[in-house]
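This structure is a prediction, so every number in the text was calculated from the model and none was measured. Heavy atoms only: backbone and side chains are in, while hydrogens, waters and symmetry mates are out.
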Amino acid sequence: MGSRDHYYLHGDQHAEHPTKFFCRSCDEFVDSDHFFAKHDQRETLKRALDAINRWATREPEQQARRPLGAPNMLEAPARAQAAAHEASRSPFYRWLERQKGRSSPTGDIAREILGDEGFPVTANTYEAAEDYLHSQFASSAAVKALKGAWRSFQGAQRRTKSPEVAEGSVRWLDENRGALESSNQFAEQGLPLERHRNF
């Protein structure tokens with residue numbers, strides 16, 4: 001039922017047969033219930049969104065083979081799944097994404113974890129991440145790298161909290177500026193600071 005001039009992405013609705021949708025995995029037009037009955041839901045949605053995103057980067061003459069805004073039954077749930085995945089990523093997982101380019105054990109474990117679609121992106125404790133590695137029979141070197149990465153992550157977390165301490169100091173200075181200025185005047189007169197009762 002396809003056309004040589006019309007390119008269909010995974011999940012695209014047929015231009016002339018609205019009850020049929022193209023399954024790239026099976027290379028045929030199928031009923032709407034086929035995608036989740038025959039394929040893993042998460043994988044088929046990911047495949048659809050990847051195809052849509054890649055298509056947007058094609059040359060204009062290639063894009064012309066697929067009508068602008070072509071109906072795709074998988075696009076909305078695929079985008080919802082991607083948004084939910086994005087929102088569920090733990091601070092540790094987000095931190096790992098920034099470490100994947102490093103040439104170190106931390107960079108190695110970051111690439112391993114990010115390349116593993118089964119890793120729990122919501123893991124927000126070391127124990128949860130370690131339990132997953134053990135469930136996958138990870139090597140002792142991988143567990144050691146994870147432990148080092150977790151320590152580095154905790155150090156980074158502490159450093160990012162330091163601006164809050166600085167902001168607290170600024171607030172304290174603002175609130176006590178009058179007393180400080182008064183104490184400075186007291187000191188300029190040569191009087192001992194302990195006699196300045198308002199500070």
S.K.: Salt bridge (charged side-chain N to carboxylate O under 4.0 Å, His left out) with Arg94: which residues, sequence neighbours excluded?
M.R.: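 Testing Arg94 for salt bridge (charged side-chain N to carboxylate O under 4.0 Å, His left out), a comparison that skips the adjacent residues, returns Glu86.
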S.K.: Looking only at atom types and distance, does a side-chain atom of Gln41 sit under 3.5 Å from a main-chain N or O of Phe36, one as donor and one as acceptor?
M.R.: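 No.
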S.K.: Drop me the distance from Glu130's CD to Ser135's OG, to the nearest 0.5 angstrom.
M.R.: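 Output value for this atom pair is 11.0 Å.
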S.K.: Only pairs at least two apart or in different chains count here, so list each side chain to side chain donor-acceptor pair (under 3.5 Å) that has a residue in residues 66-76.
M.R.: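 Side chain to side chain donor-acceptor pair (under 3.5 Å) check on residues 66-76 returns Asp12-Arg66, Asp12-Asn72, Glu75-Arg79.
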S.K.: Could you list the residues that satisfy side chain to side chain contact (heavy atoms under 4.5 Å, CB included) with Glu61, not counting sequence neighbours?
M.R.: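 Per chain and number, Glu61 pairs via side chain to side chain contact (heavy atoms under 4.5 Å, CB included) with Glu59.
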S.K.: In residues 28-35, what donor-acceptor pairs under 3.5 Å come from side-chain atoms, sequence neighbours left out?
M.R.:
residue: Asp31; atom: OD1; partner: Lys20; partner atom: NZ; Å: 2.8
residue: His34; atom: NE2; partner: His39; partner atom: NE2; Å: 3.2

S.K.: Would you say that His6 contacts Pro67 through its side chain, given a criterion of any heavy-atom pair below 4.5 Å between the two side chains?
M.R.: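 The answer is yes; the side chains approach within 4.5 Å.
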S.K.: Test your reading of the model: is there a side-chain donor-acceptor pair from Ser90 to the backbone of Ala123, 3.5 Å cut-off?
M.R.: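 Flag set: sc Ser90 to bb Ala123 pair under 3.5 Å.
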S.K.: Quick one: side chain to side chain donor-acceptor pair (under 3.5 Å) partners of Thr44, sequence neighbours excluded?
M.R.: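 Here the qualifying residues are His10.
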S.K.: Kindly write out the residues that satisfy side chain to side chain donor-acceptor pair (under 3.5 Å) with Gln99, not counting sequence neighbours, or none if the list is empty.
M.R.: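 Applying side chain to side chain donor-acceptor pair (under 3.5 Å) to Gln99 gives Arg102.
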S.K.: Which residue pairs pass the ring pair (Phe, Tyr, Trp, His ring centres under 6.0 Å) test with at least one member in residues 66-85, sequence neighbours excluded?
M.R.: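 Of all non-adjacent pairs touching residues 66-85, none passes ring pair (Phe, Tyr, Trp, His ring centres under 6.0 Å).
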S.K.: In chain order, what residues pass the salt bridge (charged side-chain N to carboxylate O under 4.0 Å, His left out) check against Glu97, with sequence neighbours excluded?
M.R.: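 Salt bridge (charged side-chain N to carboxylate O under 4.0 Å, His left out) check on Glu97 returns Arg89.
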S.K.: Quick check on Glu112: does its CD atom have over 12 non-hydrogen neighbours (other residues, nucleotides or ligands) under 6.0 Å away?
M.R.: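 Check fails, neighbour count at 12 or below.
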S.K.: Side chains of residues 45-56: which donor-acceptor pairs under 3.5 Å do they make with residues two or more places apart or in other chains?
M.R.:
residue: Lys46; atom: NZ; partner: Asp50; partner atom: OD2; Å: 3.1
residue: Arg47; atom: NH1; partner: Ser25; partner atom: OG; Å: 2.9
residue: Asn53; atom: ND2; partner: Leu49; partner atom: O; Å: 3.3

S.K.: Return the NZ to OG1 distance between Lys147 and Thr106, rounded to the nearest 0.5 Å.
M.R.: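 So the gap between those two atoms works out to 13.5 Å.
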S.K.: Who else is in the cluster with Phe119 when I, L, V, M, F, W and Y are joined by side-chain contacts under 4.5 Å?
M.R.: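 Grouped by the 4.5 Å side-chain rule, Phe92, Tyr93, Trp95, Leu96, Ile109, Ile113, Leu114, Val121, Tyr126, Tyr132, Leu133, Val143, Leu146, Trp150, Phe153 form the rest of the cluster around Phe119.
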S.K.: For the residue pair Gly101 and Arg111, what are the closest heavy atoms and their distance?
M.R.: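 The pair with the smallest heavy-atom distance is C-NH1, 4.1 Å.
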S.K.: Look at the side chain of His14 and the backbone N and O of Glu16, then say whether any donor-acceptor pair between them is shorter than 3.5 Å.
M.R.: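 Yes, because the side chain of His14 sits within donor-acceptor range (under 3.5 Å) of the backbone of Glu16.
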S.K.: Would you please name every residue forming a side chain to side chain contact (heavy atoms under 4.5 Å, CB included) with Ala64, sequence neighbours left out?
M.R.: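 Residues passing side chain to side chain contact (heavy atoms under 4.5 Å, CB included) with Ala64: none at all.
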S.K.: According to side chain to side chain donor-acceptor pair (under 3.5 Å), who are the partners of Arg42, at least two apart in sequence or on a separate chain?
M.R.: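 Residues passing side chain to side chain donor-acceptor pair (under 3.5 Å) with Arg42: none at all.
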